[in-house]
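A short worksheet on the structure shown next.
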Amino acid sequence: MVGIKREINNILSSYVGWYDPFCELIQNSLDAVEFRKALESSSGNTNNYTPHINVIIDLVENSLTVSDNGIGLDKDKFEQFLAPNFSFKSGKTRGHKGVGATYVAYGFNYMRISTKIPGFARSGKIVGAKNWLKDSAPSGNPKIEHDDTPLSDVDFNSFDRGVSISVRFDDSTHPRRLDWIKADEASKWILILFIKTGFGAVVSDPSVKIKVTVKAQNKTTVAETQGTGYFWLHKNASKKARIRDISEAARVSFEKFGPGRALPDKYRNLDFIYGSWTSEELSSLVSSSLDTEGRDVIKKHTPSVSVEFGYTAKLWAKFNDSLNIRANYKVLNTGIQLAANNMPQGETVLIPLNRNIGRQNQLHFLIHFDNYSPDMGRKGFHRELTDFAKNVSRLITENHLSKLRGYLKANTGVAPDLVRELKIGEWKKEMLGHEQDSPLILQSAHFFKPTERVSVTSMPTREQDVIALFNQLVAGGVIRGISMMSTNERFTYDGLFKVTFDLPPEIYTYSPNENPLGVTPDIANILHGKVTDPLILEYKFSLDGLIEDLDAHDKNISDLNLCVAWETGTLYTERYGITSFLVPENADQRQYHGVTHCLTDLESGAHLCDLIILSELIKYLNNPTVEAETQRTKYE
């Protein structure tokens with residue numbers, strides 16, 4: 001007896017999830033209806049059978065009932081059902097380990113099971129099994145008692161065969177109370193069950209009819225749906241597109257029109273992009289970046305991967321808020337959902353991104369492993385599978401999905417934009433006040449004598465070097481008319497500046513040899529004596545850093561006036577264009593002294609942000625003819 005109790009306790013200790021009772025009972029019912037459907041099909045009766053699964057959540061009685069019209073239990077299997085660690089499931093069902101029956105029988109202080117098949121029907125209950133396990137001197141092991149009281153699920157009476165199981169919760173069970181999550185309507189619970197249990201099947205079964213009944217104080221609600229299937233937010237999104245379709249449309253557009261052509265509207269400003277890969281496709285996609293262990297996982301477990309990529313993390317927050325359940329409780333999460341036996345298992349895992357870390361909250365991966373069952377109960381997946389899932393999700397995100405970010409809508413809106421603009425206005429006002437109260441003045445006829453060289457002796461290797469070199473070029477008069485304002489580190493952007501035309505116009509006027517970074521005489525004369533309001537400045541070693549900030553919605557292109565960087569990088573080509581003012585015929589487009597390029601909208605060509613690319617500025621000043629031709633080749 002002691003050995004049996006130890007074995008049962010070991011099994012029960014592995015069930016640590018709040019939804020384990022739901023998972024186990026629903027899993028059993030799905031197995032049962034699938035088994036019966038296969039038998040009906042083999043006998044040619046498929047059209048006469050519709051699988052039914054009923055779930056009753058009684059918040060008043062604190063009980064859960066799951067019924068099905070599946071294969072049912074015959075007399076022998078009914079009597080054996082309660083034997084510890086016994087299972088009559090085949091290897092193709094979800095519960096390979098055979099511990100579920102033990103958990104259902106001994107994990108609660110009340111469990112009732114009813115079965116019916118042609119020629120046999122029986123109902124029985126076990127009372128006090130959980131307390132018996134904790135009793136150091138029990139009088140005898142729990143026995144199943146015959147029970148003829150009315151069933152919790154009255155619909156079960158109309159089933160020709162199947163099983164109905166009810167369990168009750170108390171202070172010794174987990175969960176203790178079903179009303180803890182504050183969901184009291186069937187419409188909420190049916191969504192929860194599709195997210196947390198086998199109803200969210202990786203491979204859907206459209207034949208199963210599902211009915212969820214919730215009994216709460218003073219009301220009973222019912223929700224019904226047809227078919228199992230994984231819960232994806234993008235299914236109900238107003239504008240979405242498959243990754244394969246986007247890639248094919250881009251290929252066709254390139255072959256027909258060449259680079260730079262925008263795709264049709266149905267592929268732009270999307271709420272979601274989504275896609276999936278078989279194990280063979282996955283091997284081709286990421287195998288070269290995997291180690292031996294990762295490639296072995298693909299061979300052994302033939303994983304499939306699906307993903308949805310939303311334009312903002314708020315999509316998931318909005319869904320959780322719409323359930324209006326327990327405060328701060330999240331039913332649906334971003335990250336990696338591991339799955340096996342055609343069902344999601346356990347909680348989501350964080351995607352370990354190396355860059356654009358905020359993007360991990362815009363992605364939901366589903367990774368299913370064949371030929372595998374998680375550890376007994378809900379303890380989880382083996383380390384090599386979890387590591388594989390993390391690595392593959394990171395590789396797909398950083399090497400493939402990041403290139404598609406431009407097809408999603410910008411994470412903007414009237415209210416957030418207004419709030420952001422007000423904060424920027426307050427920031428500028430604060431810095432103007434500081435400038436007036438604490439001016440910095442250094443005047444002498446002997447200062448600022450030109451040395452005709454910069455004190456930075458080597459090319460920049462990081463952002464701090466870019467800042468130092470840029471400020472030397474401004475102080476030395478290579479770049480003229482930019483006044484740097486003080487700032488603070490509590491705001492999103494690096495700094496503020498003003499454009500000033502307070503010196504004689506000829507100081508700012510373009511000349512191919514003497515002032516190649518100047519503006520046209522018209523601009524210099526019209527703006528003579530003028531000073532702009534504060535403008536926003538951003539420093540980057542590479543423009544790639546700015547593009548990543550924009551993609552992650554850490555910064556907004558509509559706020560930014562100037563970016564100073566050492567190099568352009570390559571990420572801008574996915575969503576933006578660049579116009580070079582270092583080409584002499586474009587010099588008349590320069591709005592103020594020193595600007596070398598501007599970032600433009602790829603589709604419309606509209607000006608978005610001024611750029612000073614220091615490496616190209618220096619090459620141009622040292623050899624303008626050669627660099628001008630380089631600029632034409634690179635940007636035109």
Side-chain angles (χ1 to χ4, degrees), residues 96 200-203 230 232 234 241-248 250-251 272-310 333-375 378-408 544 547-548 551-552 569-571 574:
H96 295 234
V202 177
V203 179
Y230 194 72
W232 291 105
H234 72 257
R242 290 198 316 162
I243 294 170
R244 297 174 195 272
D245 294 339
I246 295 173
S247 298
E248 177 61 15
R251 183 192 66 79
F272 280 98
I273 56 177
Y274 65 96
S276 60
W277 298 269
T278 64
S279 60
E280 292 81 6
E281 292 169 331
L282 190 64
S283 182
S284 175
L285 192 70
V286 300
S287 182
S288 61
S289 301
L290 297 177
D291 56 17
T292 301
E293 183 178 82
R295 290 191 290 270
D296 287 345
V297 169
I298 293 180
K299 293 178 183 178
K300 184 177 180 181
H301 298 293
T302 57
S304 61
V305 176
S306 299
V307 65
E308 62 181 8
F309 183 7
N333 292 287
T334 52
I336 308 165
Q337 178 63 67
L338 301 176
N341 303 319
N342 196 34
M343 63 182 291
Q345 309 255 3
E347 299 299 321
T348 55
V349 179
L350 188 69
I351 306 168
L353 299 183
N354 294 327
R355 58 180 187 268
N356 291 334
I357 295 176
R359 192 167 291 159
Q360 62 196 192
N361 298 318
Q362 296 171 247
L363 291 156
H364 183 92
F365 278 89
L366 172 66
I367 301 184
H368 182 269
F369 297 98
D370 288 335
N371 312 311
Y372 180 78
S373 286
D375 287 343
R378 307 286 164 197
K379 281 187 175 178
F381 288 67
H382 287 101
R383 177 203 56 78
E384 61 269 24
L385 298 192
T386 303
D387 288 349
F388 173 87
K390 290 179 179 179
N391 198 21
V392 165
S393 298
R394 179 183 59 80
L395 289 170
I396 290 176
T397 299
E398 295 182 346
N399 298 339
H400 302 281
L401 296 180
S402 63
K403 299 176 182 179
L404 302 175
R405 175 63 187 85
Y407 297 106
L408 295 171
D544 283 351
I547 304 305
E548 290 179 350
D551 286 348
T570 59
L571 293 183
E574 299 172 11

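For this chain, numbers begin at 1 and follow the sequence in order. These values consider heavy atoms only, across backbone and side chains, with no hydrogens, waters or symmetry-generated copies.
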Rounded distance (nearest 0.5 Å) linking atom [atom1] of [X] with atom [atom2] of [Y]:
X	Y	atom1	atom2	answer
Asp245	Ile273	CG	CD1	11.5 Å
Leu363	Phe272	CG	CZ	10.0 Å
Gln360	Phe365	CD	CZ	11.5 Å
Tyr230	Leu366	OH	CG	5.0 Å
Trp277	Ile367	CH2	CD1	10.0 Å
Ser304	Asp370	OG	CG	6.5 Å

Exercise. Could Lys300 and Asp296 be called an ion pair, given the rule that one side-chain N must be under 4.0 Å from one carboxylate O?
Worked result: no
Problem set entry | Residues Glu293, Arg383: salt bridge by 4.0 Å N-O rule | yes
Donor-acceptor pair, [X] side chain versus [Y] backbone, under 3.5 Å?
X	Y	result
His368	Pro303	no
His400	Leu395	no
Gln337	Gln345	yes
Gln362	Glu308	no
Arg244	Gly275	no
Ser393	Ala389	yes
Glu398	Asn354	yes
Asn342	Ala201	no
Asn371	His301	no

Mind checking whether [X] and [Y] have side chains closer than 4.5 Å, heavy atoms only?
X	Y	result
His364	Thr348	yes
Leu338	Leu385	no
Ile336	Thr386	no
Val307	Thr397	no
Leu353	Arg394	yes
Val305	Leu285	no

For this session: Check the pair Val297 / Leu290 against side chain to side chain contact (heavy atoms under 4.5 Å, CB included), numbers first and verdict last.
Result: CA-CA 10 Å; Val297 169; Leu290 297 177; over 6 Å; no
Exercise. At their closest point, which heavy atom of Ala339 faces which heavy atom of Pro344, and how far apart are they?
Worked result: CB-CA, 3.9 Å
Exercise. Should Glu548 and Arg359 be marked as a salt bridge (Lys or Arg N to Asp or Glu O under 4.0 Å) after you check the CA-CA gap, both sets of side-chain angles, and the distance that decides it?
Worked result: CA-CA 10 Å; Glu548 290 179 350; Arg359 192 167 291 159; over 6 Å; no
For this session: Would you check, one step at a time, whether the test side chain to side chain contact (heavy atoms under 4.5 Å, CB included) holds for Ile351 with Thr334?
Result: CA-CA 9 Å; Ile351 306 168; Thr334 52; over 6 Å; no
For this session: Give me the ring orientation class for Phe369 and Tyr372: parallel if the planes are under 30° apart, tilted from 30 to 60°, perpendicular past 60°.
Result: perpendicular
